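Take a look at the structure set out below.
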Amino acid sequence: MIAMTLAEVSEVVGGEVVGATEPVVVDGPVSIDGREPAPGGLFVAFVGERSDGHEHAAQAGENGAVAVLGSRPTSLPTVVVDDVQAALQRLAAHVVAQLRRTHQLTVVAITGSQGKTSTKDLLAAVLADAAPTVATRGSYNNEIGMPLTALRSGPDTRYLVLEMGARGRGHIAELAALVAPDVALVLNVGVAHLGEFGSRDAIAQAKGELVEALTTAGTAVLNADDDRVAAMASRTPGAVVTFGAEREAGVRVEELTLDRLGRPSFVLAAGGERVPVTLRLVGAHQALNAAAAAAAALAAGLALPQVGASLGDVAELSQWRMELHELATGVIVLNDAYNANPDSMRAALDALAVIGADAGVRRTVAVLGEMRELGETSAAEHRAVGEYAAGLGIDEVVAVGEPAREIGGTFLEDNAAAVAWVAEHVGEGDAVLFKASNGARLFEVAATLA
């Protein structure tokens with residue numbers, strides 16, 4: 001964060017400084033976890049259902065924090081406010097606006113039903129090769145996580161990449177208003193969170209709030225292959241750039257091929273230029289994610305050859321997202337267990353099927369858990385995933401947990417049963433996919449094979 005006195009912080013957020021006997025300067029990280037190292041930092045104390053952050057102020061101080069933003073005084077100098085979340089957001093908005101005025105900060109925001117984190121990781125890596133970049137860690141994309149990410153920006157930050165999620169109408173509009181993005185990337189409109197929104201049209205309405213937040217100087221980056229996303233061009237005052245596999249897309253994936261482990265090679269075409277790209281990531285869908293990242297990077301001012309070279313250097317994404325492990329035991333593990341929805345399930349199964357086509361693979365095994373937040377469509381969507389796996393010829397499908405029963409195949413009641421099943425049935429020559437929503441914690445089952 002940019003250096004600010006506690007008095008300046010208080011003025012920005014509309015609070016009162018309590019407990020400071022001399023001027024205090026905050027020039028370190030902003031954190032909500034008192035256990036994190038935070039020399040010179042600001043600890044933000046929230047009161048939750050199970051814990052009260054104010055009670056951890058002393059711990060934060062031991063780890064270097066010099067002040068607290070909270071709703072009551074603590075053992076450290078404290079800016080006391082009525083609404084801690086609103087104060088955190090105001091502070092983030094102030095820092096971003098200040099950096100934009102004085103240090104040419106460019107803000108890129110990303111949303112979509114699936115692929116946000118993978119695309120964000122790709123884009124952050126590309127931009128970081130060009131200049132100092134701050135990006136969302138993992139899926140820290142809500143009304144608290146996004147401001148915390150923005151507050152990691154400092155005077156040397158050239159690019160700020162923010163993933164934005166939504167649980168309802170208006171959420172993305174509120175987040176975007178805080179940071180006024182220069183580039184707004186919308187990946188797709190799927191059925192993830194259908195239980196919360198009610199329909200895909202409602203999801204599209206919410207995701208499109210991001211491009212509505214642009215000024216005439218901004219750029220909307222839209223998926224030409226998704227009709228609902230492409231239609232958002234009429235909702236933005238900014239310029240429009242498209243990406244996809246369609247010939248009309250401004251940034252296109254052409255000549256796509258996959259190697260024995262499902263890693264894509266393709267030509268990235270844009271503006272009359274064509275560059276070859278070979279990704280070190282697994283899955284044909286990563287080519288489209290790469291095109292999305294490339295389009296956003298071009299909108300932020302980078303050149304296509306530079307973007308293509310950087311994409312090819314990306315070795316890994318955030319944890320448990322299409323992680324490929326070739327184990328000494330002869331087992332290939334594809335750990336994509338951080339999150340799941342019907343579209344990402346199919347993409348992961350496609351990758352497993354490609355890996356299974358290699359002569360060295362004896363059998364393909366899909367260990368699948370619940371896809372959450374699908375509402376009334378849940379049972380049908382789980383059945384459809386099982387049918388899709390069968391159509392691909394996956395040799396063994398294992399459904400873990402009662403909500404996943406409709407997938408079919410071998411049913412196991414819980415992760416403990418899955419650990420036992422994997423230990424007994426998976427061996428040399430097998431390729432195994434682990435995929436479920438994060439709450440199912442199938443990554444713990446995958447870890448037992450390592």
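Quick caveat, the model's predicted, so the values are computed rather than measured.
- L279 is not listed as a side-chain neighbour of V314, based on a closest heavy-atom distance of 4.5 Å or more.
- Side-chain atoms of N415 come within 3.5 Å of backbone N or O of R441 as a donor-acceptor pair.
- Under the 3.5 Å distance criterion, the side-chain polar atoms of D414 are matched with a main-chain donor or acceptor of A416.
- In this structure, a donor-acceptor pair under 3.5 Å is absent between the side chains of T111 and E163.
- For Y388, there are no ring-ring contact (aromatic ring centres under 6.0 Å, His included) partners, not counting sequence neighbours.
- A donor-acceptor pair is defined here as one N or O able to donate and one able to accept, closer than 3.5 Å; such a pair exists between the side chain of N63 and the backbone of Q59.
- Put simply, the side chain of K120 never gets that close to the backbone of G115: no donor and acceptor are under 3.5 Å apart.
- Using a 3.5 Å distance cut-off with no hydrogens or angles, the side chains of T149 and R137 do not pair a donor with an acceptor.
- Put simply, the side chain of L160 reaches to within 4.5 Å of the side chain of L105, judged on heavy atoms.
- Heavy atoms from other residues, nucleotides or ligands lying under 6.0 Å from CG of D82 number 12 at most.
- Between the side chain of S310 and the main chain of V307, no donor-acceptor pair closer than 3.5 Å is present.
- Side chain of S10 to backbone of G15: a donor-acceptor contact under 3.5 angstrom is found.
- Remark: of the listed residues T78, D52, V81, V18, D52 is the sole one forming a side chain to side chain contact (heavy atoms under 4.5 Å, CB included) with R72.
- Between the side chains of S318 and D121, a donor-acceptor pair is found at a separation under 3.5 Å.
- Residues passing the ring-ring contact (aromatic ring centres under 6.0 Å, His included) test with H325: none are found, sequence neighbours excluded.
- Within 6.0 Å of the CD atom in Q85, the count of heavy atoms belonging to other residues, nucleotides or ligands exceeds 12.
- Remark: the E396 side chain and the T410 side chain contain an N/O donor-acceptor pair separated by less than 3.5 Å.
- Here the side chain of S437 pairs no donor or acceptor atom with the backbone of A440 at under 3.5 angstrom.
- Within a 6.0 Å sphere centred on CD of E316, heavy atoms belonging to other residues, nucleotides or ligands number 12 at most.
- A salt bridge links R35 to D33: one of the charged nitrogens lies within less than 4.0 Å of a carboxylate oxygen.
- A 4.5 Å side-chain heavy-atom check between L327 and I332 finds every atom pair outside the cut-off.
- Under the 4.0 Å criterion applied to side-chain N and carboxylate O atoms, D336 and R321 are not assigned as salt-bridge partners.
- Side-chain contact between F443 and E323 is absent, with no heavy-atom pair separated by less than 4.5 Å.
- Evaluation of the side-chain hydrogen bond (donor to acceptor under 3.5 Å, both in side chains) rule for T242 yields no partner, not counting sequence neighbours.
- Using a 4.5 Å heavy-atom cutoff, the side chains of L91 and E8 are not in contact.
- Under the 4.0 Å criterion applied to side-chain N and carboxylate O atoms, D182 and R100 are assigned as salt-bridge partners.
- Looking at V126 and T133, their side chains never come closer than 4.5 Å, going by heavy atoms from C-beta outward.
- Although no hydrogens or angles enter the test, the distance criterion places a donor-acceptor pair under 3.5 Å between the side chain of D226 and the main chain of R228.
- Taking a cutoff of 4.0 Å between a charged side-chain nitrogen and a carboxylate oxygen, R90 and D83 do not qualify as a salt bridge.
- Looking at T236, V221, V211 one by one, the single match for side chain to side chain contact (heavy atoms under 4.5 Å, CB included) with V186 turns out to be V211.
- H54 places a side-chain N or O within donor-acceptor distance of the main-chain N or O of S71, the cut-off being under 3.5 Å.
- For the atom pair CE (M146) and CG (L178), the distance works out to 5.0 Å, reported to the nearest 0.5 Å.
- Contact of the V26 side chain with the T5 side chain is not registered, since no non-hydrogen atoms from C-beta on lie closer than 4.5 Å.
- At most 12 heavy atoms of other shown residues, nucleotides or ligands fall within 6.0 angstrom of atom CD in E413.
- Counting heavy atoms from C-beta outward, M232 and K207 have side chains that approach closer than 4.5 Å.
- Once rounded to the nearest 0.5 Å, the distance linking OG1 of T119 with CG of L187 reads 4.5 Å.
- Using a distance-only test at 3.5 Å, with no hydrogens or angles considered, no donor-acceptor pair links the side chain of T219 to the main chain of V183.
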